[in-house]
Colleague: 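Pasting a structure here, questions to come.
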Amino acid sequence: MKRQILTFALVGVINTAAYYCLYLVFLTWLPYLAAHVLAFALSMVGSFFLNARFTYRTRPTWRKFLLFPLTNVTNFLITTVGVYVIVDVLHAGSRFAPLLASAAAIPVTFVVSRWVMLPRPIA
């Protein structure tokens, strides 16, 4: 479990960097929320494959791939609301808002992704 948590964190750093780079690129021609949604969706695909291979050491399957977005529903809601609050309510800049908003969702995402990616014992 300790190795999984550390690997999940490392994959998260890589995924966050990819997301943030995509967000900045999309921000040049899209409104910030559209840039956030598109960057988030693309980085989620990368996250699935990195977590399958390195964190959980499991074979990626279509079933897991289709269930994986469930792991990010809470993350998506928290980060989207967080980005909105930081930018529109607190009037902070939109460039760093996603980085700040994503921190709160990490523990929940780990628990749900572990549930999706690893086989469950049959009772």
Colleague: For V116 versus T71, what's the shortest heavy-atom pair and its separation?
Modeller: CG2-CG2, 3.7 Å

Colleague: More than 12 heavy atoms of other residues, nucleotides or ligands under 6.0 Å from CZ of R63: yes or no?
Modeller: no

Colleague: State yes or no: do L10 and F49 share one hydrophobic cluster built from I, L, V, M, F, W and Y residues joined by side-chain heavy-atom distances below 4.5 Å, directly or via other members?
Modeller: no

Colleague: Does V13 share a hydrophobic cluster with M44, counting links as ILVMFWY side-chain heavy atoms below 4.5 Å and allowing steps through other members?
Modeller: no

Colleague: Could you tell me which residues satisfy ring-ring contact (aromatic ring centres under 6.0 Å, His included) with F68, sequence neighbours excluded, listed by chain and number?
Modeller: F48

Colleague: Of all heavy-atom pairs between A101 and I86, which one has the smallest distance, and what is that distance?
Modeller: N-CD1, 4.1 Å

Colleague: Roughly how far, to the nearest 0.5 Å, is the OG atom of S113 from the OH atom of Y56?
Modeller: 3.0 Å

Colleague: Taking side chain to side chain donor-acceptor pair (under 3.5 Å) as the test, write out the residues that go with T109, two or more places apart.
Modeller: N75

Colleague: To the nearest 0.5 Å, tell me how far F54 CZ sits from L6 CG.
Modeller: 15.5 Å

Colleague: Taking atom NZ of K64 and atom OG1 of T58, what is their separation to the nearest 0.5 Å?
Modeller: 2.5 Å

Colleague: Counting only heavy atoms from other residues, nucleotides and ligands, does the tally under 6.0 Å from OH of Y84 exceed 12?
Modeller: no

Colleague: Measure the spacing between CZ of F40 and OG1 of T80 and express it to the nearest 0.5 Å.
Modeller: 7.0 Å

Colleague: About how many Å separate CG of L38 and OG of S43, when rounded to the nearest 0.5 Å?
Modeller: 9.5 Å

Colleague: Are F76 and V11 co-members of a hydrophobic cluster defined by side-chain heavy atoms under 4.5 Å apart?
Modeller: no

Colleague: Mind checking whether F96 and V37 sit in one hydrophobic cluster, side chains of I, L, V, M, F, W, Y counted as touching below 4.5 Å?
Modeller: yes

Colleague: Take D88 and Y32, measure what side chain to side chain contact (heavy atoms under 4.5 Å, CB included) needs, and give me the verdict at the end.
Modeller: CA-CA 11 Å; D88 284 346; Y32 76 89; 2.9 Å; yes

Colleague: What class does the angle between the rings of H36 and Y23 fall in, given that below 30° is parallel, 30 to 60° is tilted and above 60° is perpendicular?
Modeller: perpendicular

Colleague: Under a single-linkage definition using a 4.5 Å side-chain heavy-atom cutoff for Ile, Leu, Val, Met, Phe, Trp and Tyr, are V45 and M117 assigned to the same hydrophobic cluster?
Modeller: yes

Colleague: Just how far is it from atom CZ of R3 to atom CZ of R57, taken to the nearest 0.5 Å?
Modeller: 4.0 Å

Colleague: Verify whether one side chain among Y20 and N15 offers a donor that lies under 3.5 Å from an acceptor in the other.
Modeller: no

Colleague: Does the plane of the ring in W62 sit parallel, tilted or perpendicular to the ring in F65? Use 30° and 60° as the thresholds.
Modeller: perpendicular

Colleague: List the steps and the verdict of side chain to side chain contact (heavy atoms under 4.5 Å, CB included) for S94 and L27.
Modeller: CA-CA 9 Å; S94 61; L27 193 59; 4.1 Å; yes

Colleague: Apply side chain to side chain contact (heavy atoms under 4.5 Å, CB included) to the pair T55 and R114, showing each step before the final yes or no.
Modeller: CA-CA 9 Å; T55 303; R114 192 169 196 280; over 6 Å; no

Colleague: Output yes when a side-chain donor or acceptor of S102 lies under 3.5 Å from a complementary backbone atom of L99, and no otherwise.
Modeller: yes

